[in-house]
Novice: 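I have a structure here, written as structure tokens, and I will follow up with some questions on it.
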Amino acid sequence: MQSIVIWAGLIGSVLGILTSIIGVAALYRGSVIKGYAAERDFNHLKTYYQSLAEAFKFQTDTFETEFRESRRDLDNRCGRIDKELTEIKALLLSSLHLKFGAKDDD
């Protein structure tokens, strides 16, 4: 009877140690898998933010180009308007000069 108790204690101890080893291995495996998953998620986020930064840079460059073109067009329009206003002013002054200059000659 005593030998059965000893064998049962020995078998129980071996099973306890074996299940502890299996539990530690499963815990380690889970932590490694979580580490790989975290690294994969980090890399996904990193590439997402890189592509977002590239898209933002592209939009900024496009906006700056369009702004420069609009500024150039606006400067050209203002230059043409200034020329036309100068011509109109010259024509008005010449017509006034002719009107009042003709009266002075009489």
Side-chain angles (χ1 to χ4, degrees):
M1 182 76 157
Q2 223 177 13
S3 66
I4 293 177
V5 172
I6 293 175
W7 280 107
L10 186 63
I11 291 173
S13 297
V14 169
L15 284 176
I17 292 171
L18 185 64
T19 55
S20 296
I21 291 172
I22 291 172
V24 167
L27 190 64
Y28 176 75
R29 181 176 177 256
S31 68
V32 167
I33 289 173
K34 284 183 181 181
Y36 287 139
E39 184 178 349
R40 187 186 68 225
D41 289 344
F42 177 76
N43 287 333
H44 282 298
L45 288 173
K46 183 178 167 184
T47 56
Y48 171 74
Y49 283 117
Q50 284 175 346
S51 65
L52 190 64
E54 289 171 5
F56 181 73
K57 185 179 181 320
F58 175 75
Q59 288 294 329
T60 303
D61 292 343
T62 303
F63 175 75
E64 286 178 3
T65 304
E66 290 177 0
F67 180 74
R68 285 188 192 116
E69 290 175 1
S70 298
R71 178 70 186 252
R72 194 176 318 119
D73 290 343
L74 185 62
D75 288 343
N76 289 338
R77 285 182 186 177
C78 288
R80 283 195 314 257
I81 289 171
D82 285 345
K83 279 184 182 178
E84 290 175 2
L85 286 175
T86 304
E87 290 174 5
I88 291 170
K89 186 177 178 181
L91 289 173
L92 283 174
L93 285 176
S94 67
S95 69
L96 286 175
H97 180 68
L98 288 176
K99 279 186 181 179
F100 292 116
K103 290 184 180 178
D104 287 341
D105 289 339
D106 289 340

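Hydrogens, waters and symmetry mates play no part in the numbers below; they use all other heavy atoms, side chains included. Just so it is clear, the structure is predicted and the values come from calculations on it, not from any experiment. Note that the numbering runs from 1 along the sequence shown for the chain.
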Novice: Taking atom CZ of R72 and atom CZ of F67, what is their separation to the nearest 0.5 Å?
Specialist: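 Here the rounded value is 11.5 Å.
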Novice: Can K57 and D61 be counted as an ion pair, charged N to O under 4.0 angstrom?
Specialist: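 Judged by the 4.0 Å cut-off on N to carboxylate O distance, K57 and D61 do form a salt bridge.
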Novice: Could you state the interatomic distance from CZ (F42) to OG1 (T47), rounded to the nearest 0.5 Å?
Specialist: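 Answer rounded to 0.5 Å: 10.0 Å.
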Novice: Apply the test salt bridge (Lys or Arg N to Asp or Glu O under 4.0 Å) to residues D75 and R71: give CA-CA distance (whole Å), side-chain angles for both, the deciding distance (0.1 Å), then the verdict.
Specialist: CA-CA 6 Å; D75 288 343; R71 178 70 186 252; 3.8 Å; yes
Novice: Output the distance between atom CD (E39) and atom NE2 (H44), rounded to the nearest 0.5 Å.
Specialist: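 If I round to the nearest 0.5 Å, the distance is 11.0 Å.
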Novice: Same cluster or not: Y48 versus F56, using hydrophobic residues (I, L, V, M, F, W, Y) connected whenever any side-chain heavy atoms lie under 4.5 Å apart?
Specialist: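 Y48 does not cluster with F56.
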Novice: I'd like to check Y49 versus L52 (side-chain heavy atoms, cut-off strictly below 4.5 Å). Are they in contact?
Specialist: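 A side-chain contact under 4.5 Å exists here.
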Novice: Enter the distance from N76:CG to I81:CD1 here, rounded to the nearest 0.5 Å.
Specialist: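 N76 CG to I81 CD1: 11.0 Å, rounded to 0.5 Å.
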Novice: Got a second to check how far S20's OG is from L27's CG, nearest 0.5 Å?
Specialist: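 One finds 12.0 Å between OG of S20 and CG of L27.
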Novice: For the atom pair OG (S13) and CD1 (I17), what is the distance rounded to the nearest 0.5 Å?
Specialist: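 With rounding to 0.5 Å, OG (S13) is 6.0 Å from CD1 (I17).
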